[in-house]
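To start, the structure under review is shown below, and the notes come after it.
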Protein chains: 2
Amino acid sequence: MQEKGISQAVIGRLPRYLRYLGDLKERNIERISSQELSSLMNVTASQIRQDFNNFGGFGQQGYGYNVDYLYDEISKILGLDHSHSFVIIGAGNLGKALGNYLNFERRGFIFKGMFDKNPELIGQMVRDVEIRPMEELEVFLRENTIDIAVLTIPKTGAVGLVDTLVDNGIKAIWNFAHVDLDVPKGVQVENVHLSDSLMKLSYNISRYNDSKEN
Amino acid sequence: MQEKGISQAVIGRLPRYLRYLGDLKERNIERISSQELSSLMNVTASQIRQDFNNFGGFGQQGYGYNVDYLYDEISKILGLDHSHSFVIIGAGNLGKALGNYLNFERRGFIFKGMFDKNPELIGQMVRDVEIRPMEELEVFLRENTIDIAVLTIPKTGAVGLVDTLVDNGIKAIWNFAHVDLDVPKGVQVENVHLSDSLMKLSYNISRYNDSKEN
DNA sequence: ATATATTTGATAATTTCTTGACAAAGTATC
DNA sequence: GATACTTTGTCAAGAAATTATCAAATATAT
């Protein structure tokens, strides 16, 4: 499986493919053509074939794609065939929401720890994980192998935390703080900037209303 | 201000510009050149100028851009110069997190109502909004002018709710349910698929580790 | 007031991404 | 087993997005 220089645009589409393939699996559908998937997903069949072919041929001429096989292959590409441990830093509603979301576990994302600086929250349980004080974070990271840190704290705290995380073995940050994090090469950051998303929605509302008036 | 056929790629960058301009405002910086902003934000100066010029010229040769003016103009483009009311449907941790996030209010997004089907949650307050039973949603939407529905419920519920929302005046859906919603033309949907985002992170972790081994 | 430096806005060049087209390979049918 | 049909993988064309370039406009320095 050759995988060099795959664009993030392609990667960004893979989870959606996986979701539709999962639905097909549940409906016990065994095979699917790019054409069928195309009309299901509202993307061109050509793009589907092109996307899959970035990773080698998963289909068969005259037949299409085997749903189970394709599902597994895309899972592997996305690294979902082995598990990732994570801690959540910031035990507000957002942190708790993510900690409670069981689907992550099903995908191999294992919830290992949760930290907050608010003394009132310490000791509370989120699923089977106890909220610990921030002071214990560093030791915890050293004594456990944690892949991903989920940052659900305000931006002021987030920036100062990066070094601690990276120095103690964190390989990836899922960043919900509204700030761009500066990390060393090799550390992955995925931003979820909710207010950016809301602003895009706002733009599209306004644009549509304007275009109606003209 | 001419605004036709602006790509979503450009729109997607505007909130980030706005964030950096806000920081500059706070630091009382009055003017900035595309070159300076470029090195601050790690994008090319050319892209910055190109992006801004989609909406007309905001800068001045030999001077650069006036920070306050540019900030205001981008705010207007994003529709942040007038307010949007929203309701949250689904009062789990995620819904509560969004309801409690005060920054939305500052941008003119006004939290008007919250709904859940779980009887135990009814009557609880999230900020100054009371959680109501789902049965009251339709009447509420008819009696109040609500622009945006925020869907923080599981996908099974989300799909069936779209018609109710649209029929009662909702113009936009901020969708956190892990499903693609089918809406009539003119209704805007902005998806936040958190697990997709996490999978992208997973891909990038795996890819980096693989490239180290080769 | 003049000369020099800066910086935009616009256009052109380049690169990336998406879509179209079709031969080759397989499946299904008779 | 031969024929017609389906569908991929690949390559080429087209479209879109990004980056480079530069004249024109303005600011700053002398």
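Note on naming: letters A, B, ... go to the chains in the order of the sequence lines (proteins, then strands), and numbering restarts at 1 for each one. Basis for what follows: all heavy atoms, side chains included, without hydrogens, waters or symmetry-related copies.
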- Query: Once each nucleotide of nucleotides 10-18 of chain D is scored for protein heavy atoms under 4.0 Å, what B/S/- sequence comes out, 5' to 3'?
  - Reply: BBB----SS

- Message: Please list all pairs meeting side chain to side chain donor-acceptor pair (under 3.5 Å) that have one or both residues in residues 87-104 of chain B, counting only residues at least two apart or in different chains.
- Response: A:N93-B:N100, A:N100-B:N93, B:K96-B:Q124, B:Y101-B:N103, B:N103-B:R106

- Task: Specify the angle, to 10°, made by the local axes at the two ends of the helix from C:dA1-D:dT30 to C:dC30-D:dG1 when five pairs are taken at each end.
- Result: 20°

- Task: Give a yes or no on whether a salt bridge exists between B:D51 and B:R13, defined as a side-chain N under 4.0 angstrom from a carboxylate O.
- Result: yes

- Distance in angstrom units between A:Q60 CD and D:dT8 P, rounded: 11 Å

- Note on the structure: Residue set satisfying salt bridge (Lys or Arg N to Asp or Glu O under 4.0 Å) with B:D116, at least two apart, ordered chain then number -> none

- Message: Could you tell me how far apart A:I48 (CD1) and D:dG9 (P) are, to the nearest whole angstrom?
- Response: 12 Å

- Message: Under a plain distance cut-off of 3.5 Å, with no hydrogens placed, do A:S197 and B:E190 share a side-chain donor-acceptor pair?
- Response: yes

- Query: Looking at D:dT8, does its base get a donor-acceptor pair with the side chain of A:Q61 below 3.5 Å?
  - Reply: yes

- Measure centre to centre between the rings of A:Y17 and A:Y71, then say whether the value is under 6.0 Å. no

- Message: Need two values: the first and the last nucleotide of DNA chain C, 5' to 3', having an atom under 4.0 Å from any heavy-atom of chain A.
- Response: C:dC17 to C:dA28

- Task: Just jot down the salt bridge (Lys or Arg N to Asp or Glu O under 4.0 Å) partners of B:E36, sequence neighbours excluded, or say none.
- Result: none

- Message: Can you confirm whether or not the ring centre of A:F109 sits under 6.0 Å from the ring centre of A:W174?
- Response: no

- Task: Identify, residue by residue, the members of residues 26-35 of chain A with a heavy atom below 4.0 Å from DNA chain D, and return them in order of residue number, or none.
- Result: A:S33, A:S34

- Between atom OH in A:Y63 and atom C1' in D:dG9, what is the gap in whole Å? 17 Å

Extract all donor-acceptor atom pairs below 3.5 Å that involve side chains of residues 56-69 of chain A and protein atoms in other chains or at least two apart in sequence.
residue : atom : partner : partner atom : Å
A:N66   : OD1  : A:D68   : N            : 3.1
A:N66   : OD1  : A:Y69   : N            : 2.8

- Message: Tell me which pairs pass salt bridge (charged side-chain N to carboxylate O under 4.0 Å, His left out) where either residue lies in residues 147-158 of chain A, with sequence neighbours left out.
- Response: A:D147-A:K171

- Query: Sequence neighbours excluded, which residues qualify as side chain to side chain donor-acceptor pair (under 3.5 Å) partners of B:R31?
  - Reply: none

- Task: Can you sort out the partners of A:R19 under salt bridge (Lys or Arg N to Asp or Glu O under 4.0 Å), two or more places apart, ordered by chain and number?
- Result: B:D180

- Task: Tell me what A:Y65 touches on the nucleic acid: a base, only sugar-phosphate, or nothing, going by heavy atoms under 4.0 Å.
- Result: sugar-phosphate

- Task: Using whole Å, report how far CZ of A:F52 lies from P of D:dT7.
- Result: 15 Å

- Indicate, with yes or no, if the rings of B:F86 and B:F111 have centres closer together than 6.0 Å. yes

- Query: Residues in salt bridge (Lys or Arg N to Asp or Glu O under 4.0 Å) with A:E30, at least two apart?
  - Reply: none

